[in-house]
S.K.: 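One structure is given below, represented as structure tokens, and several questions about it will come after.
As the structure lists them, so they are numbered: ligands from 1, and atoms in each ligand from 1.
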Amino acid sequence: MKSIHDRDDFRASLKDRKRIVVKIGTSSLTHPETGALNLIKLEKLVRELCDLQNAGRDVILVSSGAIAVGRQAVHIDHRPRKIQEKQACAAIGQAQLMMIYQKLFQEYGHISAQILLTKDTIDEDLSRYNAVNTFEELLSMGVIPVVNENDTISTYEIQFGDNDSLSARVAALVRADLLILLSDIDGLYTDDPRRNENASFIPIVRNLSEVMHMGKGSDSDVGTGGMETKLHAAQIAGNAGVDMIIANGDDFSNIHRIMRGDETGTLFVASGNRL
Ligand code: GLU
């Protein structure tokens, strides 16, 4: 007899998940040739998220891209390294990015809202409590929160540093039913498939400790993550009882494929109980 722990049944159970956090990285939102926003992809992403919400789900988007968009706006052709430069680019880019998101969500009759967090917002009891209340209120109003790190004020001591970890903390905070990380790779492989043609794809992970060593850093010119931060995110989400999927953000149809139970991406089954 099959149980929920069999792969097919587990996948099928994703159809019933109500509260979904979707994280999108900078490299999935921008043209690799220029670093400018890929508006066609952005539009498709928003359409997918609106459709999820139309189907009765709570949707939260964690979007990177602030620094990249700001960098474009002021024609900085190198990746900002100095903290003030990053902060300034984020201040410019976050506002522009949000303006575009709001316009696109509005076109499909949905309202989006901006939530900017730093690590200490979640570490400190009072600000965490306030953040949870705001998320809950927005979701009960049918609004789609768009979250990013508050890069403009964040420095080493208070930053998440990457949006993979941020999205996992958010998923834990709102007691999400599923976290979807959209990246520039199909999911987890035994080795980096761009360097090792014998690397094989892993569709499901039940024991995270067995795969933690497969994490590699990022070689992207715009993103911060890489597999290492994604596995770390799986750890945070899993400990909080939130299942997580890494899938390719090259094709945003992967969002509805995942939600209808298709074999897309790598599924990390949570080990912990929902906090
Ligand atoms: N918060 C950064 C941004 O919006 C991105 C961090 C990341 O790529 O993980 O530009």
S.K.: Check whether any heavy atom of Gly65 sits under 4.0 Å from an atom of ligand 1.
M.R.: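 Right, Gly65 reaches ligand 1.
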
S.K.: Going by the closest heavy atom to atom 4 (O) of ligand 1, which one wins out of Asn148, Asp164, Val147?
M.R.: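 Answer by nearest heavy atom: Asn148.
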
S.K.: May I ask you to list the atoms of ligand 1 that are less than 4.0 angstrom from any heavy atom of Asp151?
M.R.: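 The atoms of ligand 1 under 4.0 Å from a heavy atom of Asp151 are 1 (N), 2 (C), 3 (C), 4 (O).
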
S.K.: Could you grab the distance from atom CD1 of Ile255 to atom CG of Leu45, nearest 0.5 Å is fine?
M.R.: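 So the gap between those two atoms works out to 5.0 Å.
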
S.K.: In ligand 1, which numbered atoms sit nearer than 4.0 Å to a non-hydrogen atom of Asp162?
M.R.: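 By the 4.0 Å cutoff, the relevant atoms are 9 (O).
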
S.K.: Does anything in residues 97-106 form a side chain to side chain donor-acceptor pair (under 3.5 Å)? List the pairs, not counting sequence neighbours.
M.R.: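 Checked against side chain to side chain donor-acceptor pair (under 3.5 Å) - neighbours excluded - the pairs reaching residues 97-106 are Ser63-Tyr101, Lys103-Glu107.
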
S.K.: Would Gln96 and Gln72 satisfy side chain to side chain donor-acceptor pair (under 3.5 Å), going step by step from the backbone distance to the final call?
M.R.: CA-CA 11 Å; Gln96 288 202 348; Gln72 274 284 319; over 6 Å; no

S.K.: Among Thr229, Ile67, Asn163, which residue places a heavy atom closest to atom 10 (O) of ligand 1?
M.R.: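 Comparing heavy atoms across Thr229, Ile67, Asn163, the nearest one to atom 10 (O) of ligand 1 lies in Ile67.
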
S.K.: Looking at Glu263, is its backbone amide N or carbonyl O close enough to the side chain of Arg11 to form a donor-acceptor pair, meaning the two atoms are under 3.5 Å apart?
M.R.: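 Pair absent, no side-chain N/O of Arg11 close to backbone of Glu263.
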
S.K.: Backbone or side chain, does any N or O of Ala68 fall under 3.5 Å from an N or O of ligand 1?
M.R.: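 No, since none of the N or O atoms of Ala68 sits under 3.5 Å from an N or O of ligand 1.
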
S.K.: Who passes side-chain hydrogen bond (donor to acceptor under 3.5 Å, both in side chains) against His31, sequence neighbours left out?
M.R.: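 With sequence neighbours excluded, His31 shows a side-chain hydrogen bond (donor to acceptor under 3.5 Å, both in side chains) to no residue whatsoever.
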
